[in-house]
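Please read through the structure below; I'll follow up with questions.
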Amino acid sequence: MKTTLLKSEDYARSPWKNGGGIFTDIADAHRAESVKDWDSLLWRFATTPIVAPGPFSHMPGIDRLQMVVGGRGLVLKSPTEEFDEREPFTTVRFTGELEIVTRLEEGPVEVVNLMGRRGAVALELEALKEPGERRLSARTHLIYAARGDCTIRLEGTDFSISHENTLKVELTGASTLALVSGLAVLGSIQIVG
């Protein structure tokens, strides 16, 4: 097991692909020996504010998971379906090809995004709201302190994560994660191709 604390003051800020806003890049991976751009992206874990209704960036070949961590009332609309994120810490999954426009029913929101190249990675995103244990498989896990500080326990060691910081955990075998206190978002990434 390898753990790395990612501190919020070290996160990079970058424009959305469509230029409509700014996201905070917490962690990402790109194809080896490639220029770090949208075309070489394998996966990205990021936060972003959505302060006004508008279109999402077009991202062919990218699968996206998202959840609201601040504010409430977000709905994503595509020509064929609607993704309901009105309640915070609800995960939605959609493809980067979908034409999506946001609707804000109760003002601006802050969201966590986990996105990955289809066929290259498998992604999971969930909220850790109640103390308790869960099994983690061998892959990369990101534990983001979404609302205030939180404490987790991994293999008998407690890790305190300050608000908006992230613990990156790289596992080569299965392990057990326990949320001791607070609230966190768990993003999990497995390279598959």
Side-chain angles (χ1 to χ4, degrees), residues 5-8 11 16 21-28 43-54 56-57 62-78 81-96 98 100-116 121-137 139-154 158-169 175-190:
L5 182 62
L6 308 175
K7 297 184 177 180
S8 59
Y11 298 160
W16 294 355
I22 300 289
F23 70 86
T24 300
D25 190 3
I26 296 172
D28 62 19
W43 61 266
R44 170 170 282 131
F45 185 76
T47 63
T48 191
I50 301 175
V51 299
F56 269 26
S57 300
I62 300 292
D63 289 328
R64 301 181 65 174
L65 286 84
Q66 179 177 283
M67 77 169 56
V68 172
V69 296
R72 62 187 315 115
L74 176 64
V75 177
L76 310 181
K77 295 195 69 153
S78 81
E81 58 191 310
E82 188 173 279
F83 301 90
D84 186 350
E85 291 185 81
R86 289 180 181 95
E87 287 302 313
F89 300 100
T90 301
T91 303
V92 297
R93 181 184 294 260
F94 53 95
T95 65
L98 270 181
I100 287 182
V101 176
T102 58
R103 184 173 79 225
L104 296 168
E105 296 182 344
E106 297 183 42
V109 296
E110 181 83 15
V111 300
V112 168
N113 284 293
L114 178 58
M115 58 185 74
V121 295
L123 306 172
E124 296 175 28
L125 185 68
E126 66 176 303
L128 306 179
K129 298 187 271 190
E130 301 292 332
E133 293 186 347
R134 65 190 15 81
R135 285 298 277 170
L136 297 182
S137 56
R139 59 183 62 183
T140 298
H141 302 276
L142 299 158
I143 301 116
Y144 172 70
R147 281 200 184 155
D149 301 346
C150 70
T151 301
I152 58 136
R153 183 172 298 130
L154 273 169
D158 284 3
F159 296 87
S160 294
I161 309 168
S162 298
H163 177 60
E164 294 185 346
N165 289 348
T166 304
L167 185 68
K168 181 179 182 182
V169 180
S175 187
T176 300
L177 165 72
L179 179 67
V180 177
S181 66
L183 189 153
V185 173
L186 172 63
S188 300
I189 305 106
Q190 181 178 19

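Bear in mind the structure is a predicted one, so any value in this text is a computation, not a measurement. The first residue of the sequence shown is numbered 1, and numbering continues consecutively from there. Below, all heavy atoms of this structure are taken into account, side chains as well, without hydrogens, waters or symmetry copies.
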Next item on the list: Find the distance between OG1 (Thr151) and CG (Asp158) and round it off to the nearest 0.5 Å.
Entry: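 If I round to the nearest 0.5 Å, the distance is 6.5 Å.
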Next item on the list: Using only heavy-atom distances, determine whether the side chains of Arg135 and Thr176 contain a donor-acceptor pair under 3.5 Å.
Entry: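 Side chains of Arg135 and Thr176: pair found under 3.5 Å.
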Check: Hey, what do you get for CG (Leu123) to CD (Gln190), rounding to the nearest 0.5 Å?
Finding: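 Separation between the atoms: 10.0 Å.
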Next item on the list: Starting at CG of Leu177, measure out to CG of Leu186 and round the result to the nearest 0.5 Å.
Entry: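 Rounded to the nearest 0.5 Å, the CG-CG separation comes to 6.5 Å.
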Margin query: Pair Phe89, Val185 - check side chain to side chain contact (heavy atoms under 4.5 Å, CB included), show working.
Written below: CA-CA 8 Å; Phe89 300 100; Val185 173; 4.0 Å; yes
Check: Using a distance-only test with no angle check, is there a side-chain donor-acceptor pair under 3.5 angstrom linking Thr166 and Tyr11?
Finding: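 Tyr11 and Thr166 do have a side-chain donor-acceptor pair below 3.5 Å.
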Notebook entry, point to check: Say you draw a straight line from CG of Leu65 to CD of Glu126; how long is it, rounded to the nearest 0.5 Å?
Noted result: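 Reported to 0.5 Å precision, the distance equals 11.0 Å.
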Notebook entry, point to check: Partners of Asp63 by salt bridge (charged side-chain N to carboxylate O under 4.0 Å, His left out), sequence neighbours excluded?
Noted result: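 Once residues adjacent in sequence are excluded, the partners of Asp63 under the salt bridge (charged side-chain N to carboxylate O under 4.0 Å, His left out) criterion are Arg118.
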Next item on the list: Return the set of residues passing ring-ring contact (aromatic ring centres under 6.0 Å, His included) with Phe83 (not counting sequence neighbours), or none when no residue passes.
Entry: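 ring-ring contact (aromatic ring centres under 6.0 Å, His included) check on Phe83 returns Phe94.
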Note to self: Rounded at 0.5 Å granularity, tell me how far CZ in Arg44 sits from CG in Leu114.
What the structure shows: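 Going from CZ on Arg44 over to CG on Leu114, the span is 11.0 Å.
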Margin query: Evaluate Asn113 against Phe23 for side chain to side chain contact (heavy atoms under 4.5 Å, CB included), listing each step before the verdict.
Written below: CA-CA 9 Å; Asn113 284 293; Phe23 70 86; over 6 Å; no
Next item on the list: Assess whether atom CZ of Arg153 is packed by more than 12 heavy atoms of other residues, nucleotides or ligands within 6.0 Å.
Entry: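 No - once you tally the heavy atoms of other residues, nucleotides and ligands closer than 6.0 Å, there are 12 at most.
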Check: Where the side chain of Ser181 meets the backbone of Cys150, is there a donor-acceptor pair that is under 3.5 Å apart?
Finding: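 No: the side chain of Ser181 does not pair with the backbone of Cys150.
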Notebook entry, point to check: For the atom pair CG (Asp149) and NE2 (His163), what is the distance rounded to the nearest 0.5 Å?
Noted result: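 Output value for this atom pair is 8.5 Å.
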Notebook entry, point to check: Would a distance-only check, ignoring hydrogens and angles, find a side-chain to backbone donor-acceptor pair under 3.5 Å from Asp28 to Trp43?
Noted result: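 Looks like no, no N/O pair under 3.5 Å.
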Item checked: Smallest separation among heavy atoms of Pro49 and Ile22, with atom names ->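 Where Pro49 meets Ile22 most closely, the heavy atoms are CD-O, 3.5 Å.
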Note to self: I need the minimum non-hydrogen distance between Leu104 and Leu74, along with the two atoms involved.
What the structure shows: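 Looking at all heavy atoms of both residues, the shortest contact is CD2-CD1, 3.7 Å.
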Next item on the list: Check the pair Thr47, Val69 against side chain to side chain contact (heavy atoms under 4.5 Å, CB included), reporting the backbone distance first and the verdict last.
Entry: CA-CA 9 Å; Thr47 63; Val69 296; 5.5 Å; no
Notebook entry, point to check: Between Arg86 (side chain) and Glu105 (backbone), is there a donor-acceptor pair under 3.5 Å?
Noted result: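 No; judged by distance alone, with no hydrogens or angles, the pair does not exist.
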Notebook entry, point to check: If you count the non-hydrogen atoms of other residues, nucleotides and ligands that lie under 6.0 Å from CD in Glu81, is the total more than 12?
Noted result: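 More than 12 within 6.0 Å, yes.
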Note to self: Using only atom types and a distance under 3.5 Å, with no angle test, would you say the side chain of Thr102 pairs donor to acceptor with the backbone of Gly54?
What the structure shows: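 Checked: pair present.
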Note to self: Tell me if a side-chain donor or acceptor on Asn165 pairs with a main-chain N or O of Ser8 at a distance below 3.5 Å.
What the structure shows: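 Indeed, once roles are kept as given, a pair shorter than 3.5 Å links the two residues.
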